[in-house]
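Worksheet: one structure, shown below.
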Amino acid sequence: MMLFTRFRKKSSELCVITRLPDEVLVEEIMLTLSIEDIIALRRVNKLFYQLTHQPVIWKTLLRSMNIKPPPLPPSKRYSHLGSITGFEAERMVTRAISFHNNWRSEKPKVYDVQHFLQQHNVLSMVVLPGGKHLVASVADYTYTLHWIMVLVMDYRHGGLIPLAKAPTETKAFNLRAKYMTVRGVSGIVIAYIRREFYGSSYAATGGTINPSDYDETRDIDPPYPLRYECVALLVSLDALEDLADPHFPPGSAEFFERAKAQSPPFSRLSRIRSRSQLDTIDLADICGEPYIAVVKKPETIVFKNLDTGVTSSLTIKRWWGFEDVEHNIHNFRIMPYHRDFLVMVSIPILAAIELPAADLTLPPPPVIPGPRKKEAYLYACIFSVPDDGDDVRDLEPFEFKFFEDGTDFDSIQISDPVLPSRLDSSIRPLRFQADDPPVCIYYRNLSTQDLMEVRIRPCRPDSLQPLRNTFFESLSILWKTSYHIGSRPVVANVLPAHTRPLIWTTPQENRTESPPLINFYSHIHDIQGAEGKKEWELEEESIDMDDAVNDKDLPTPTPICFRQSQARASVSAAIKVPIALRKALKHGIKGLAWDDWSGRIFVATLDDCMIHVVDLAQSPKEDSGGQRIPVPLADERMIDR
């Protein structure tokens, strides 16, 4: 079977290799080349330019390359390799390679900036892994009406397009979103916290004070009592795929008619109400079941099974010697592969305390004489998730580690290990890097304004030896790393993401909710580790191509390792941001989201309804008709193949 008709010349004008059949050139020669060689071969002549655009090449590279490309949504649309186009496969491969090398370079740069005007003020954003979907908390021009909005990226008609939105009675705080399967429906689970005043004293004011006006990143002392509600919504991926049909552009009459004929895309999964402050949220699959968990200040975490609706809770035990001191849970993360979760806790100490010696399960933290800072002790501890329906109180951790004593700190964040659930059948490479990514803890030391990093290596439980894993043993914890950015007094912030944290700096003197941006920084975890290897270790895996690919024309792939550029010598490097974008961001950042899979930064600026998409990777683009740009010799057969 011929791939397509050649551009025929006289035999005397052809070199020997071009006389070979197309199938031989593609399957016997091009599929044995590196990705860089294929790109170089594209520049030789028209024939090779045409052949190197064949979908079979890029789909094979996608399944066998030695780094992870941006993940695809776990929907039916991406359930097997035969369902994606050759253009989509090429875009994933080229984006993964260009971003990987750019991120590790001495001078990371911005390849592209796109500006998208929305009809709402964007308050906060969360981008789903792979950068395909963006979830935003938005408000009208007067900040009196609020919604949750889902947008799709890389859309033919306009790039970043809103597809659906759901009203929230007040502003959505602590926004979280994750691909999950709940009650048999694959979708995006969106969780947020809303708050409102209550009581007769507030009712007497006529509701003139809006609780949405308060900053979600700072502790508040409200004039009236507040009650909190943690809400979980589900947006079906199938519904989003229908709404994103490029044959019905958003805003057109056909789009609205099609949308009206469908069921509402949002469905409410859960509500957790409390008059105690609800704070950090986590979403996770625990042993194959979807859960939402939320911190109930100051010392409790509430879990809810989204399949069954059964709630459980766990209250940590106060440290011995500090039973009368209220502890504070800052953040937590459910650990991958386990029914355990990591908790970051602080003990406020206002005066020196003499602790008598005692032989107890929980040893006392070190005593530091003299006056104490507000947050004297910071430690991490590991607990097991309680069984559904249990209310566990005063539970001691089975493992703990102290990070700080006698200092002040804030902005404690934990990276999110993005792992596919057992029901996720979306396309992924057949060979992965052998090691699982670490779970990283970040916080700011206010004494030095340094960002601190602690890395914990997750371990897969051994089914043959179901013993409890030790997370903080000396061989599994990489101790903290600190760095100071520049000589100018700045505040360094971090977006942890998956494995590549994005650092962004703001003026130290600016304490507003929307500070201006000074710069972005690339941060690599371990220069001598996996980020700096020229050849990554590959994990061999048995492959059934008929089941995995569902495309009998594709040959069985062999491992393909692209030539990686040498990693830089420094841990951090400033990203060269275009001057025009830098000026726009100096007016203030309202929302910021980072996808370290696709290499995109999403920035919402203050009071202008704009979302700026900063791209640190290169990839081919398509026009509104689905045609690749630039067109491979105007060959219409390349569309949607």
Side-chain angles (χ1 to χ4, degrees), residues 217-219 279-280 282 295 327-333 335 341-349 365-366 368 372-382 397 399-417 437-458 471-508 515 518-529 531 570-574 592 594 596:
T217 62
R218 295 179 174 87
D219 293 332
D279 196 47
T280 309
D282 195 16
V295 172
H327 293 30
N328 186 21
I329 296 178
H330 289 271
N331 209 332
F332 74 106
R333 182 72 70 236
M335 300 296 283
F341 61 99
L342 167 72
V343 187
M344 297 299 297
V345 185
S346 68
I347 308 175
I349 308 297
I368 302 175
R372 304 303 184 97
K373 297 286 185 179
K374 180 181 178 182
E375 304 284 2
Y377 296 124
L378 174 68
Y379 66 97
C381 48
I382 301 291
E399 193 176 1
F400 61 90
K401 189 78 173 183
F402 275 89
F403 294 150
E404 295 288 347
D405 48 21
T407 189
D408 204 3
F409 44 83
D410 69 354
S411 301
I412 301 172
Q413 300 188 62
I414 307 174
S415 64
D416 188 2
V439 175
C440 298
I441 304 168
Y442 301 91
Y443 62 93
R444 187 188 303 122
N445 186 315
L446 296 181
S447 300
T448 61
Q449 288 299 322
D450 285 340
L451 280 180
M452 315 300 288
E453 178 188 73
V454 180
R455 284 168 280 166
I456 303 172
R457 292 284 182 186
F471 293 96
F472 297 148
E473 63 183 3
S474 59
L475 296 179
S476 64
I477 181 169
L478 304 175
W479 192 235
K480 56 190 176 185
T481 303
S482 64
Y483 55 92
H484 193 75
I485 302 176
S487 58
R488 178 181 175 182
V490 298
V491 175
N493 309 275
V494 62
L495 291 174
H498 176 59
T499 58
R500 300 180 180 101
L502 177 71
I503 312 299
W504 56 290
T505 54
T506 57
Q508 193 177 55
I518 296 178
N519 209 354
F520 293 117
Y521 291 81
S522 158
H523 176 87
I524 54 180
H525 283 302
D526 189 358
I527 302 173
Q528 303 300 325
E531 286 275 7
S570 59
V571 174
S572 297
L592 195 62
W594 162 239
D596 68 335

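- For the side-chain hydrogen bond (donor to acceptor under 3.5 Å, both in side chains) test, residues two or more places apart in sequence or in another chain that qualify with Ser522 are Arg568.
- Counting only heavy atoms from C-beta outward, the side chains of Ile414 and Pro496 never approach each other to under 4.5 Å.
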**Leu451 and Tyr521: CA distance, side-chain angles, deciding distance, side-chain contact (heavy atoms from CB on, under 4.5 Å) verdict** = CA-CA 13 Å; Leu451 280 180; Tyr521 291 81; over 6 Å; no
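- Within the 4.5 Å cutoff, side-chain heavy atoms of His330 are placed close to those of Asn328.
- Side-chain atoms of Arg333 come within 3.5 Å of backbone atoms of Ser415 as a donor-acceptor pair (strictly under, hydrogens ignored).
- Remark: Thr280 engages Val295, Asn331, Phe332 in a side chain to side chain contact (heavy atoms under 4.5 Å, CB included) (not counting sequence neighbours).
- Rounding to the nearest 0.5 Å places CG of Leu502 at 11.0 Å from NE2 of His523.
- If you take CD on Gln413 and CZ on Arg444, they are separated by 9.0 Å, rounding to the nearest 0.5 Å.
- Nearest heavy-atom pair across Thr505 and Ala492 is CG2-CA, 4.2 Å.
- The CD1 atom of Ile524 lies 8.5 Å from the OG atom of Ser572; values are rounded to the nearest 0.5 Å.
- Rounding to the nearest 0.5 angstrom, the gap separating the NZ atom in Lys401 from the CD1 atom in Ile456 is 10.0 Å.
- Remark: the backbone N or O of Trp504 is paired with a side-chain donor or acceptor of Asn493 at under 3.5 angstrom.
- Shown here for Val491 and Gln508, the closest heavy-atom pair between the two residues is CG2-CA, 3.7 Å.
- Take Asn519 and apply the side-chain hydrogen bond (donor to acceptor under 3.5 Å, both in side chains) test, not counting sequence neighbours, and it matches no residue.
- Rounding to the nearest 0.5 Å places CG of Leu495 at 9.0 Å from CH2 of Trp594.
- Remark: the backbone N or O of Asp596 is paired with a side-chain donor or acceptor of Arg500 at under 3.5 angstrom.
- With rounding to the nearest 0.5 Å, the separation of NE2 in His498 from CG in Asp416 is 9.0 Å.
- Of the residues Phe409, Phe403, Phe402, Tyr443, the one that meets the ring pair (Phe, Tyr, Trp, His ring centres under 6.0 Å) test with Tyr379 is Phe402.
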